[in-house]
Trainee: 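Please find one structure pasted underneath; my questions will follow.
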Amino acid sequence: MVGFEAMVTYPGTGFLLNPVFLRAFSASLHLVLLLLLFVSWVCKRIKGGAPENCKRTRNDWSDERLVTLLDLVLRTLAWGAVCVYLHTQFIGSVEPKFPFLLRVWWGFYFSISCYCLVLDIVKKHQSLRIQYLVPDIVYVITGLFLCYSGFLGKNQGEESILREPLLNGSTSISRVESNKSKGEATVTLFSKAGFFSLLTFSWIGPLIAEGNKKTLDLEDVPQLDTSNSVVGVFPAFSNKLQCDSGGSSGVTTLKLVKALIFACWAEILLTAFLVLVNTLASYVGPYLIDTFVQYLNGRREFKNEGYLLAMAFFVAKLVECLSVRHWFFRLQQVGIRIRAVLITMIYNKGLTLSCQSKQGHSTGEIINFMSVDAERIGDFSWYMHDPWMVIVQVTLALLILYKNLGLASVAAFFATVIVMLTNVPLGKWQEKFQDKLMESKDKRMKATSEILRNMRILKLQGWEMKFLSKIVDLRKNETGWLKKYLYTSAVTTFVFWGAPTFVSVATFGTCMLLGIPLESGKILSSLATFRILQEPIYSLPDLISMIAQTKVSLDRIASFLRLDDLPSDVIERLPKGSGKSSLLSCMLGEVPKISGILKLCGTKAYVAQSPWIQSGKIEENILFGKEMDRERYERVLDACSLKKDLEVLSFGDQTVIGERGINMSGGQKQRIQIARALYQNADIYLFDDPFSAVDAHTGTHLFKECLLGLLGSKTVIYVTHQVEFLPAADLILVMKDGRVTQAGKYNEILNSGTDFMELVGAHKKALLALNSLKKKKTEVAKMVKQGDRWTKGQLVQEEEREKGKVGLWVYWKYIRTAYGGALVPFILLSQILFQLLQIGSNYWMAWASPVSDDVKPAVRGSTLIIVYVALAVGSSFCVLSRAMLLVTAGYKTATILFNKMHLCVFRAPMSFFDATPSGRILNRASADQSTIDTTMPMQVGAFAFQLIQLLGIIAVMSQVAWQVFIVFIPVIATCIWYQQYYIPSARELSRLAGVCKAPVIQHFSETIAGSMTIRSFDQESRFRDTNMKLVDGYLRPKFNIAGAMEWLCFRLDMLSSVTFAFSLVFLISVPEGVIDPGKYCGLAMTYGLNLNMIQARVIWNLCNMENKIISVERILQYTSIPSEPPLVTEENRLACSWPSHGEVDIQDLQVRYAPHMPLVLRGLTCTFLGGMKTGIVGRTGSGKSTLIQTLFRIVEPAAGQIMIDGTNISSIGLHDLRTRLSIIPQDPTMFEGTVRSNLDPLEEHSDEQIWEALDKCQLGDEVRKKEGKLDSAVIENGENWSMGQRQLVCLGRVLLKKSKVLVLDEATASVDTATDNLIQQTLRQHFVDSTVITIAHRITSVLDSDKVLLLDHGLIEEYDTPTRLLENKSSSFAKLVAEYTVRSHSNLENAGDI
């Protein structure tokens, strides 16, 4: 080697002082280290080829430069090899420690580095002094750090093992076990991370490493520390809001914003400082470019100026990188806190809303506040500092332009102001469209929520497709606003991508007019300034859009928080009935009183008329927050007849109840609700018709064991329609039209007024046929209604989530959804043309402008500007076509995916809704659909555009100096490796965030539905705590997603900064004459300044795209749900008159709920003759409801068949079948809308027919009193109608339909005896020729049937006329009647003795 020959010419020991010798010696040492590592790897069975070092010598490079370069290359290789070696050493190691030889070598390395540094300082006249000095300072610091780590740092492994007791077993095994502590028990390392760890985001490293070894689950994700969890942040926010507002009614948008800022003020100030530092650092490059170009042209102010400039560029890049990463992370922290406090505030408000306020806002709307508005305000944290940052950036840009171009910067200022002013109308439009979009989304979500709650009714009536069309119509209205919003955004994008071009044209044009010379250095500096000025101008459309969206969301939440909380002095219109349930509501403080005094002493418990059950275990529902007292718990189970039910279930009281108790019968839900009240051991008990949903025997048992037994010494107020329970009361209040008409004991009031006598008379009339029966008691075998159905596993499983890499098929499906992907090539072509024209315009300016004043320009000034303008205008129109095409494709894709998912959901079998909490479906219809509507197209587009931009930058830099590829290739390879290392964890964290959101929404919708019960038990604080835990569970993945993203971006930024620094050093070091310095070096510099930002953005967008595509993946999951059989079978279309007779023939019917489940109906054979009335009775779980579900094909038969008028129902379409049958269901259901839309949703009948039906069911006069008549409003769930009135509306529906087959599924369970008699009388009168099948708890409801079918354990036990069955005293039916009669007669006859 030439370098080594030169060294030996030094006499004596002088060579020891020669820097070239030291470099060569250092290189040799690193080469030895490389060889040692290679040998070590071979010993460790790591295969790898020996590195081939190719050396290319340039004749015009000195020996000193060659040796120095060799030293740097070998150092780089050696340290890279050390990193890989240590990585392989430490993977899977419980106690990592550094090898002894490596530590010795570090000590030697530190000594050599110190010696070199001293020599650099002493040798003052060395030509390469700066070139040596800077690296040697870095080497000394590195060597010192390594020596400290290797020799003085704690070697925990050795120390801890020495300190372990000798007789403590295997320390390593126990330590491994302890290291397996899950995220549930650990707090994020962020809370206790050191300065270096925080600076480099190393605290998230263990979680990312864990995600690489296995699929992350929620228990792997550590808990949030107090400063970031809702538990720690919410109290301060709430106190501040209360203090400023003086109560909820005073909450304004401004006060809400102030409280949010107060909750995060420290992070906001810190990020403001970081933003300022970042902005200043980002303008160092443009400021120094002119100086750098002059340096390359030979104008050098002082020695080693080039290296100092390179150092300044590099340090500025490092500062920019560090500040932007921490700025982004801290802002995401702010966003997480804002989401947390808003969701919690909305939840707490929902828990205290008055009835009147709740009527104005449906559950679906309030869910939107949580899932969309709170998210959007949290997302605004990204844009928080942009408004003032724009001003700072524009000011700095103008100062740099003034330095370069003088007065022409004034033109730049005015051009920028004009661009800013065009924001005003665009901003207003976007705010308006966003407001309308959110309003229409609320309406759609409200309707979707209501439909999902009542899907069973829709399926039974054959209405699901009509209601789907209602959702599609609401969506059409929504997409009208969505389209306007998206196309406005596209125009905004065009305006602002054209803005920097407009500013530069105005500036350079002014230069020409004023005669200011345009030199290449000044032009390149200006172009770099415009490029950085682009950032605030480019982000302005997003900023304006985001400010508009956030303002709308803040206004919506503030108006929601202003709603009334259970006021005590505000008049409220109540649902009309006699007022019994309203009286209980008053006692609970739920209904505002107009006057009078109400006093309650002691704790209270409440049982609602409609059972409210939480999703979760049966045990959790009964305990309801109380500690387990096993003895009391067992007594309560006995009193509520729940023991037998639990025995049938595989999981006993650990069985998970589905949403709204979907897998429990009405009676079971009621008994669990009663058990919950009993277990509370309260002082006062309020029961709202607690025995309506249970059969006669169970009702008697509950009355005796609960009201007269366990609650014998308590104050009990119970509303009931069942007269037989009244004689036991100490005081009876008879209510009519909201007033107490009679009060006293049973015998006292029986003869003192007509109202009570009417009730008792109706009851006695029903018992006339049974007076001769004697009292008998029988043992009753209880079974669970759907017990067999779920014995193999829990009904509600954890939400499914895809695991592992998002399949390419998801991207492929997304891209090809709209127009088969035909627009994608045009979108990409537009972006490529834009990029080429941009680069072309910059090349043109660099080529055509002179290097300095004394050089003649290549073209005239006017030609320079005209060509530049033409290229710039062309690039702007490329942006317009790209934006328009992207929006069109995104909009079409969103519409298609929405329609596909909703069609699949509405056509799904009922078993899907039983096992899927509505929160999961609502989450997809709300948050995931929002992502696909607005975010996803922009995200996919941004990735493609940034990638094309990066390729453009690399092309420009490589064209100037292809040698930079030497660094580009390994750096890009490292970037890709980092991205691959990071993405498994980020992907699973994003999926976890999606899965953890549904429980928050579900818990909230349950709370809204049961708020009255929760308040009556004084359990608000427990439910608030549960909500906070769920919110923290949702935010845990979010927080770690933010940390992981910045972990990656920090490393990518560092790598791109190193690449940029290498490019600078190369341009400085390259011999003169090899490249054109003035023109293209400067151009490469202007592009290189953006390199780290674009490179990081490409990877960031790739990761973000993979995180967001999960929304597409989740919606695609629901586009492949197995469907029900066809709605219409063309080859088996039926005559309009079918069924003409209504004969139902059941042949060997066997039914099971799933292939692996046991049979529920085990071979039924019977015939219901046309026009006959058949009553079906049997204990809970005997198969009554299953038979009805099979008749409507909610469940398909496993064997056998059902024939109606000779047609096998399995051979015809579901819609044809269900629309020809009628049913009055157990739970009376009304939908939001009008009286007309509730009676005739399919719009098949005239107003006259509807009025006729209303008169027949005794509701005509009630509706005529209402202002809107048939168009009078029905609110969500029909809450402004009493339970009895709702049941009469259901009767009205079947009267309109006039089917030949009518099913009553425990239809009169929720009404009093008089209303029951009215319904029976109406049915007898108007369904004389129809086949009526009745399932009833009240025996009187089936006594006048032509035949009675008694089921037991899925088999027919008895099937005959009621008279014959009653004559046979040993028949099961006779025993059932006896129980009911005995209970009623004994209570009535012995009333005087009680």
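Since we're looking at a predicted model, the values are computed, not measured. Just the heavy atoms: all of them, side chains too, but no hydrogens, waters or symmetry mates, feed the values below.
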Trainee: Does Leu711 reach the side chain of Phe687, with side-chain heavy atoms less than 4.5 Å apart?
Mentor: yes
Trainee: Can you see which heavy atom on Asn621 is nearest to which on Gly616, and at what distance?
Mentor: ND2-O, 4.0 Å
Trainee: Does any N or O in the side chain of Arg676 come within less than 3.5 Å of the main-chain N or O of Ala605, such that one atom is a donor and the other an acceptor?
Mentor: no
Trainee: Hey, does the side chain of Asp688 reach the backbone of Val719 with a donor-acceptor pair shorter than 3.5 angstrom?
Mentor: no
Trainee: Is a side-chain N or O of Trp612 found less than 3.5 angstrom from the main chain of Gln673, in a donor-acceptor match?
Mentor: no
Trainee: With heavy-atom distances below 4.5 Å as the criterion, would you say the side chains of Ser1016 and Met1012 are in contact?
Mentor: no
Trainee: Is Ser1372 close to Asp1352 at the side-chain level, that is, under 4.5 Å between some pair of heavy atoms?
Mentor: no
Trainee: What heavy-atom pair brings Ile1224 and Cys1290 nearest, and what distance separates the two atoms?
Mentor: CG2-CB, 4.0 Å
Trainee: Could you check whether any side-chain heavy atom of Asp653 comes within less than 4.5 Å of a side-chain heavy atom of Ile622, counting everything from C-beta outward?
Mentor: no
Trainee: Could you grab the distance from atom CG of Leu710 to atom CG of Asn681, nearest 0.5 Å is fine?
Mentor: 9.5 Å
Trainee: Would you call the rings of Tyr633 and Tyr679 parallel, tilted or perpendicular if under 30° counts as parallel and over 60° as perpendicular?
Mentor: perpendicular
Trainee: State whether the side chain of Arg456 and the backbone N or O of Met910 hold a donor-acceptor pair below 3.5 Å, judged by distance alone.
Mentor: no
Trainee: Can you name the one residue among Val1289, Leu458, Ile457 that meets side chain to side chain contact (heavy atoms under 4.5 Å, CB included) with Thr1229?
Mentor: Ile457
Trainee: Quick one: pull up CD1 in Ile672 and CZ in Phe624 and give me the separation to the nearest 0.5 Å.
Mentor: 13.0 Å
Trainee: Which distance, rounded to the nearest 0.5 Å, do you find between the CD1 of Ile618 and the CG of Leu646?
Mentor: 5.5 Å
Trainee: Search all heavy atoms of Ser1011 against all heavy atoms of Leu351 and return the closest pair with its distance.
Mentor: CB-O, 4.3 Å
Trainee: Work out which heavy atom in Lys669 is nearest to a heavy atom in Pro611; give both atom names and the distance.
Mentor: CB-CB, 3.7 Å
Trainee: Mind listing the closest non-hydrogen atom pair of Arg1015 and Thr352 along with its distance?
Mentor: NH1-CA, 3.7 Å
Trainee: Could you list the residues that satisfy salt bridge (charged side-chain N to carboxylate O under 4.0 Å, His left out) with Arg635, not counting sequence neighbours?
Mentor: Glu631
Trainee: When you measure from the side chain of Arg1286 to the backbone of Met1230, do you find a donor-acceptor pair of N or O atoms at a distance under 3.5 Å?
Mentor: no
Trainee: Using side chain to side chain contact (heavy atoms under 4.5 Å, CB included), reason through Val1303 and Leu460 one step at a time and then give a plain yes or no.
Mentor: CA-CA 11 Å; Val1303 176; Leu460 288 167; over 6 Å; no
Trainee: In the structure I gave you, are the side-chain heavy atoms of Phe1231 and Val1274 within less than 4.5 Å of one another anywhere?
Mentor: no
Trainee: How close do Ala639 and Leu678 get, heavy atom to heavy atom, and via which atoms?
Mentor: CB-CD1, 4.4 Å
Trainee: Check the pair Val1348 / Val1177 against side chain to side chain contact (heavy atoms under 4.5 Å, CB included), numbers first and verdict last.
Mentor: CA-CA 7 Å; Val1348 171; Val1177 293; 3.8 Å; yes
Trainee: Which distance, rounded to the nearest 0.5 Å, do you find between the NE2 of His1353 and the CG of Leu1161?
Mentor: 13.0 Å
Trainee: Would you say Thr1007 and Thr1026 make side-chain contact, with heavy atoms under 4.5 Å?
Mentor: no
Trainee: Can you find a pair of side-chain heavy atoms, one from Phe1023 and one from Gln614, that are under 4.5 Å apart?
Mentor: yes
Trainee: Do other residues, nucleotides or ligands put more than 12 heavy atoms under 6.0 Å from Lys714 NZ?
Mentor: yes
Trainee: Under a 3.5 Å distance rule, please check whether Gln1002 uses its side chain to pair with a backbone N or O of Arg920 as donor and acceptor.
Mentor: no
Trainee: Would you give the length of the straight line joining atom CG of Leu1349 to atom NZ of Lys1184, rounded to the nearest 0.5 angstrom?
Mentor: 11.0 Å
Trainee: By ring-ring contact (aromatic ring centres under 6.0 Å, His included), which residues pair with Tyr347, not counting sequence neighbours?
Mentor: His1003, Phe1004
Trainee: Just to verify, what does Asp638 make a salt bridge (charged side-chain N to carboxylate O under 4.0 Å, His left out) with, not counting sequence neighbours?
Mentor: Lys643
Trainee: To the nearest 0.5 Å, tell me how far Asn1027 CG sits from Glu1020 CD.
Mentor: 13.5 Å
